[in-house]
Amino acid sequence: MDKFMQRAVELAAKNVQDGGQPFGAVLVKNDNLVTEGVNELHKHFDVSGHAEMLAIRRAQKKMHTSVLEGYTMYASGEPCPMCLAAMQFAGIDNVYYCATVDDAQDAGLGKSKQIYKDLSKPKEERNLNMIHMPLEEGQDDPMKMWRERS
């Protein structure tokens, strides 16, 4: 097994021993470990405290950038939709993972699979109600302001 994946799995195993979930992640660039993380939901009661998200946040803070092109993520488990989206927003090039979302569901951690399935549906059929509320007449339009600023 690749040394970075081995580290991600070691982090996940230690996190389980410490009372957390079985997820660890290692962010790498040019064959060098840049940052790592484990799921910290049990410590901070923060649903965004996933291993991959924390590794990304730490790298962005360390490098003073939100762009992580040229980086590779090694994750002990297949990334959830939130982490996958964050990696795409950051521009991470490759993601390697061990356990699949099916493995996670079999272990009692099935939310990712449910969300992936829900996201494949049209908006009006998803579990989370999303209601569009257009700007009112005369309101500042932040999108227009952004376009004009750029």
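Counting all heavy atoms, side chain and backbone alike, Leu33 lies closest to Arg7 at CD1-CG, 4.3 Å. Listed here is the closest heavy atom pair of Gly49 and Leu41: O-CD1, 3.4 Å. The shortest heavy-atom contact between Arg126 and Leu119 is NH2-O, 3.4 Å. A pairwise comparison of heavy atoms in Ala51 and Phe23 identifies CB-O, 3.8 Å as the closest pair. Residues Gly70 and Lys29 come closest through the heavy atom pair O-CG, 3.6 Å. Shortest non-hydrogen contact noted between Gly37 and Ala55 is N-CB, 4.2 Å.
To the nearest 0.5 Å, atom CG of residue Leu128 and atom CD1 of residue Ile115 are 10.0 Å apart. Here the OG-CE distance, from Ser150 to Met145, works out to 11.5 Å after rounding to the nearest 0.5 Å. Between His50 atom NE2 and Arg57 atom CZ the span is 9.5 Å, to the nearest 0.5 Å. Distance check, rounded to the nearest 0.5 Å: CZ of Phe89 to CE of Met87 gives 13.0 Å. In this structure, the separation between NE2 on His42 and CG on Asp18 is 6.5 Å, given to the nearest 0.5 Å. With rounding to the nearest 0.5 Å, the separation of OG in Ser76 from CD in Gln21 is 10.5 Å.
For the pair Lys14 and Leu11, the minimum side-chain heavy-atom distance is 4.5 Å or more. Looking at heavy atoms from C-beta onward, Thr72 lies out of side-chain contact with Phe4 at the 4.5 angstrom threshold. Side-chain contact between Lys113 and Asp102: present, with at least one pair of heavy atoms (C-beta onward) separated by less than 4.5 Å. Within the 4.5 Å cutoff, no side-chain heavy atoms of Glu78 are placed close to those of Ser112. With a 4.5 Å cut-off on side-chain heavy atoms, Leu27 and Glu52 do not count as touching. Looking at heavy atoms from C-beta onward, Pro22 lies in side-chain contact with Leu109 at the 4.5 angstrom threshold. At least one side-chain heavy atom of Lys3 sits less than 4.5 Å from a side-chain heavy atom of Asp31. Proximity of Met73 to Leu68: side-chain heavy atoms (C-beta onward) are nowhere separated by under 4.5 Å.
The aromatic rings of Tyr74 and Tyr96 sit parallel to each other, their planes meeting at less than 30°, with 60° as the upper class boundary.
Remark: the backbone N or O of Ala12 is not paired with any side-chain donor or acceptor of Asn15 at under 3.5 angstrom. Between the side chain of Asp141 and the backbone N or O of Met143 there is at least one donor-acceptor pair closer than 3.5 Å. Within the 3.5 Å criterion, the main-chain N or O of Pro122 finds no donor-acceptor partner in the side chain of Glu125.
Checked against Thr35 for a side-chain contact (heavy atoms from CB on, under 4.5 Å), the options Lys61, Arg58, Met63 give a single hit: Arg58. Among the candidates Val28, Asp93, Val34, the single residue satisfying the side-chain contact (heavy atoms from CB on, under 4.5 Å) test with Tyr71 is Val34.
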As a quick check of understanding, evaluate side-chain contact (heavy atoms from CB on, under 4.5 Å) for Cys98 and Met5, giving each step before the final call. CA-CA 8 Å; Cys98 277; Met5 184 59 77; 3.6 Å; yes

